[in-house]
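Report on the following structure.
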Amino acid sequence: MQRLVLALHNHQPVGNFGQVFQAAYDSCYRPVLDLAAEFPAVKLALHYTGPLLEWLEKERPSFLSDVKDLVDRGQIEILGGGFYEPMLAVLSDEDASGQILRMQAFCETHFGAKPAGMWLAERVWDPDLPRIIAPTGTRYTFLDDAHFFAAGVAKGQLRGHYVTEKAGRPLAIFPIDQQLRYLIPWKPVQDFERTFEALERTHGDDPRCLTYGDDGEKFGLWPGTQEWVFQKHWLRDFFRLLSDRRDLIRTLHPAEALAETPANGRVYLPTASYEEMGEWALPTAAIQPYEDLKQRLKNEGSYERFQPFVRAGIWQGFFAKYPESDHLHMRVLQASSRLRRLQANLTRPKAAALLREAEDQIYRSECNCAYWHGLFGGLYLNHLRHALSEALLKAERLLNVAERGEGPFLTATSEDLDADLEPEVTVRSEQLVVISSPRLGGSLIEISDLARAFLLTDVLSRREEGYHAKLRQLEGQPTPALGEPPLAKEPDLARFLVFDDYRRTSFLDRFHGPEFKLEELHAGQDGDVGTFARSRYAASERLPAGDAAALGVALACEGQVRLGETAHRVRIQKRYGFSRGRGGFEVSYRISHDGSSPTSPLRAFFMPELNLTLLAGNAPDRTLELPDGRRERLTFRGEVRHLRSLGLCDGWSKLRVKLTAERPFDLWTYPVETVSQSEGGFERTYQGTCLLLRCPIELAPGGSLDLSYGLDLEHLA
C-alpha cells in the first residue's frame, strides 16, 4: 500500500477585487469542499490564507463552519502559515513570527485546531527560516523536490520527510513530488492509478509517504480547469479512486505521516523556490542565456543528470529587478521598526490600541503577491500594489497619532531608506509623506496623502520582460488549448512594447531642444539633452532638527545641456518647501548658465517630468482638469498650451492633485502603460500619467532663471 499526503493551498491576495473572491469561491473553493465531504475516506491538508479567510468570515461564514465540521470528523488537517501570505524570509523576525501566530490564533478560534504545520508562500526557502518558524510551535512545512535536488538528494530518496535546523531549532520538511504535480489534475485519473500501481510493485513495503502540494485554484479557477475538473468529473473520479482503492493508496494527514515514520535524516537546503520562480527573478537580459543553457543540455541528453545544479536566481532578485517593489518593501520595514520601538515605549491603553491596529495594517502590507511578477500579473496589477501601500499609509497615520496625537507637525530626516548606502530625505507631516532621492536626479520617489492613504507616485516603469518576444510571435494565432501559451487580450498589443531606461519619479529635470516633437515622446524617446535626470544632486541646506513651522529640502547639481555640437554648462538649484498645516509643497528652481564656455545663449525647453497615478486611466471619475473647464481621461495623449494650473481628480477616492506655476507652461502628457502576462493572457495595464511642464528658456552666459511650482492635495466632499 502506498501512502499519500494531499495538500491544497488556497489564496487570494490583499486588494483583489471582491468579484474575484466570489468567482474563486463559486468555481473552486466551495465545490472542492463539497466534493471532499462526499468522500470521508479521503484525507486532505488544506491551507487558506488570511485575506481569503477574512473574506470568507465576512461573506461566507457557513463555509468556515463546514471546514470545521470536516476537521472535527478527522478528514481535514488545517495548515498554518503567515496570515497575510508574506515572504517570511524578507521580514523582521517579529513580523514573521507574528504573522504565523496570528494564523494559528485564527485557526484555533474558527476550526478548533492549532496548525501543526504550515504552507510557505511560493515555497520560498531560506536556511535561516527554522530559527524563526520553530519557536511558533510549527513542526513542518512543504518544499518542492527541486529544493532537495539542489542539495544533492537523489530522486529516489524523496519519500517521507527530512529534518533541518538553524541554531538548534528543528523543522520537518515534506518534499513535494513534481511527477504528482504534473499528474494532478492535468492527466486522466487512470494515469494516476497506473503510476501508483507501478509504485506498489517497486515500493510496496515502504511505509514512507509521497507528498502532493499545489495551488487549490488549479481545481476549477485556472483557465480551462472548470470544465475538466468538474464538468468532466475529474475531481469526483479522483476522490472515488482514492476511496475505492484503499488497498493501493492510503491518504493521510502530514501530522500522521510525521508520527508514523521517522525522518529520512538531516538535510540543509540552499536558498531556493520552484524552478520557474528562479527564472522569473533573473534580470531580463539573463533569462535567454539561462534558457539556452537548459536547451543545450537537453539536446545533449544530459539535462536530467545536471538539472539539480542548473539554477537561476532567488526571490529577493525581484527587489533588484523592480525598484518600485524594493521601495515599498523598505518602507514597510521602516514602519515595522518604528512600530516595535513605539510598542516598547508607549503603554497607555489608547496608544496600545492604535499600535495594534497599525500592526494589522503593516501585516497586510507584507502580502507577497504585488512584490514580484511571474505567470500571474502580480506587481503589474496596480490595484494590488495600491492595496499594500494603502495599508502601509494607514499604519503610518496610526503611528503618528499614537506618538504625537492628532495635531499638526512637520519633520525632515536624512537616512538611507532603501539600504543602498545613499541617503534619502523624508519629510513627514500629519497630512503628507514626501521622499526625495538626491541620487535619482534630486527627484521625488514618493508623494503620499496620509488622510486618503494614497501613494500618488506609484508608477511602474515600462520594462522589457523575457516573454515579450513570445508576445510578438503570438500575434494573430488562434485561441490556444489548455496548457498552451496564452494569447494577447487585445489585438496588436505588441505596438505598446515601449520601454523606459529610468525609474519613473517626479520632478525629474529634463531639457529638450526646439526640434524635439511630441510624437517622438509617444514613441518612447525621452528627448533629454540635459544630464540632470540621471545625475546625483547634492544637499545644499541643513535640515532642521525636530518639529518645524516650515522647512526646505535644498539640492543642487552641475551638468550640461547639449544642443548640437554645443555643450552648455548649467547649474540647477532645486528646493522643496513645506509649511506646517499645508497639504502640499512648493518646488522652486534657479537655473544658471555658466558664462565661461560657450559664449552663446542657451535656448531650450526646461521640462520637469512628473509621474503620478490615480489608478484608473480610462475611468470617467478620474480626469485631467484644465482651467477652461475641459476634462480629459488620464489616458489622454497630447499637448495643452499656455497653462498656469491643472488638476488630476479622483472622484472615487475624493482626491484632487492641483498643480500651479508662476510662469505659463505647455503640457505634454501621455499614459504610462505596461504590457505583461497573466494567467488569462497578455494584457495592457495603466500605471500612471506622465506630465511634462514645457517652459521655454533663454539664458545668456552668466544669466539665470527662477521658476516655481506648487503641488497641493485637496480632499473632495
Side-chain angles (χ1 to χ4, degrees), residues 437-444 461-464 497-538 540 555-575 587-611 637-644 661-670 672 690-709:
S437 171
R439 179 177 64 86
L440 296 178
S443 64
L444 299 182
S461 294
R462 302 171 297 182
R463 293 184 177 83
E464 185 172 11
L497 293 180
V498 177
F499 308 122
D500 303 318
D501 62 355
Y502 67 100
R503 180 175 170 186
R504 285 193 171 271
T505 57
S506 284
F507 291 103
L508 275 170
D509 303 330
R510 298 195 183 281
F511 290 86
H512 283 179
E515 72 287 348
F516 188 74
K517 306 299 182 185
L518 180 61
E519 293 75 19
E520 297 173 274
L521 192 69
H522 291 167
Q525 303 176 39
D526 64 36
D528 195 354
V529 294
T531 59
F532 297 91
R534 289 174 170 80
S535 294
R536 177 186 281 103
Y537 278 53
S540 57
L555 303 164
C557 182
E558 295 184 358
Q560 293 184 350
V561 177
R562 181 173 289 277
L563 297 170
E565 299 299 318
T566 304
H568 298 267
R569 294 179 60 185
V570 173
R571 175 179 173 84
I572 291 182
Q573 295 166 282
K574 175 164 56 177
R575 188 178 189 273
V587 187
S588 58
Y589 286 94
R590 170 158 290 182
I591 305 171
S592 304
H593 186 191
D594 188 327
S596 59
S597 175
T599 58
S600 58
L602 167 63
R603 297 186 180 92
F605 290 91
F606 179 60
M607 301 184 70
E609 176 183 329
L610 285 75
N611 292 283
R637 295 172 180 265
E639 178 182 29
V640 185
R641 304 289 300 275
H642 205 72
L643 296 177
R644 286 183 183 268
E662 284 189 353
R663 291 169 57 104
F665 63 89
D666 295 340
L667 173 68
W668 283 10
T669 182
Y670 62 92
V672 180
C690 181
L691 307 166
L692 291 120
L693 316 181
R694 194 168 187 257
C695 180
I697 61 172
E698 181 171 346
L699 290 178
S704 63
L705 174 68
D706 292 336
L707 298 169
S708 67
Y709 304 90

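In this chain, numbering begins with 1 at the start of the sequence shown. Every value quoted in this text rests on a predicted model; they were computed, and no experiment measured them.
For the side-chain contact (heavy atoms from CB on, under 4.5 Å) test with Asn611, the passing option among Val672, Leu691, Asp500 is Val672; the others fail. Leu602 pairs in a side-chain contact (heavy atoms from CB on, under 4.5 Å) with only one of the listed residues (Asp594, Ile591, Leu705, Leu563), which is Leu563.
Rounded to the nearest 0.5 Å, atoms CG (Asp528) and CZ (Arg562) are 13.0 Å apart. Expressed to the nearest 0.5 Å, how far CG of Asp501 lies from CZ of Arg463 amounts to 11.0 Å. A distance of 8.5 Å separates CZ of Arg694 from CG of Leu518, quoted to the nearest 0.5 Å. One distance of note links CD of Glu662 with CZ of Arg644; it measures 8.5 Å at 0.5 Å rounding. Annotation: the span from Glu609 atom CD to Leu693 atom CG amounts to 10.0 Å, rounded to 0.5 Å. Interatomic distance, Tyr670 OH to Leu521 CG, rounded to the nearest 0.5 Å: 5.0 Å.
Cation-pi geometry between Lys574 and Tyr537 is satisfied (NZ or CZ under 6.0 Å from the ring centre, within 45° of the ring normal).
Residues Asp666 and His642 approach most closely at OD1-N, 2.8 Å, considering heavy atoms. Looking at every heavy atom in both residues, Ser443 comes nearest to Thr505 through OG-OG1, 2.8 Å. Here the closest heavy-atom approach between residue Arg510 and residue Leu692 is recorded as CD-CD2, 4.4 Å. Between Tyr709 and Pro608, the shortest heavy-atom contact is OH-CG, 3.9 Å. The two residues Asp509 and Gly441 have their closest heavy-atom pair at OD2-O, 4.2 Å. Between Val498 and Gly524, the shortest heavy-atom distance links the atoms CG1-CA, 3.3 Å.
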Does the side chain to side chain contact (heavy atoms under 4.5 Å, CB included) test come out yes or no for Leu610 and Phe507, once each step is laid out?
-> CA-CA 5 Å; Leu610 285 75; Phe507 291 103; 3.8 Å; yes
Begin from the C-alpha positions of Arg575 and Ser540 and carry the test side chain to side chain contact (heavy atoms under 4.5 Å, CB included) through to its verdict.
-> CA-CA 9 Å; Arg575 188 178 189 273; Ser540 57; over 6 Å; no
Begin with the C-alpha distance, continue with both residues' side-chain angles, and end with the deciding distance and a verdict on side chain to side chain contact (heavy atoms under 4.5 Å, CB included) for Phe516 and Val529.
-> CA-CA 10 Å; Phe516 188 74; Val529 294; over 6 Å; no
Evaluation steps, side chain to side chain contact (heavy atoms under 4.5 Å, CB included), between Cys695 and Arg663 | CA-CA 8 Å; Cys695 180; Arg663 291 169 57 104; 3.9 Å; yes
Derivation of the side-chain hydrogen bond (donor to acceptor under 3.5 Å, both in side chains) call for Tyr502 and Asp526 | CA-CA 10 Å; Tyr502 67 100; Asp526 64 36; over 6 Å; no
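Side chain of Thr531 to main chain of Gln560: a donor-acceptor pair is present (N/O by atom type, distance under 3.5 Å, no hydrogens or angles). Between the side chain of Ser506 and the backbone N or O of Leu444 there is no donor-acceptor pair closer than 3.5 Å. Using a distance-only test at 3.5 Å, with no hydrogens or angles considered, a donor-acceptor pair links the side chain of Thr669 to the main chain of Cys690.
The local environment of CZ in Arg590 is sparse, with at most 12 non-hydrogen atoms from other residues, nucleotides or ligands closer than 6.0 Å.
Between Phe511 and Phe606, the ring planes lie tilted relative to each other; the angle falls in the 30° to 60° range.
Looking at Ser600 and His568, their side chains come closer than 4.5 Å, going by heavy atoms from C-beta outward.
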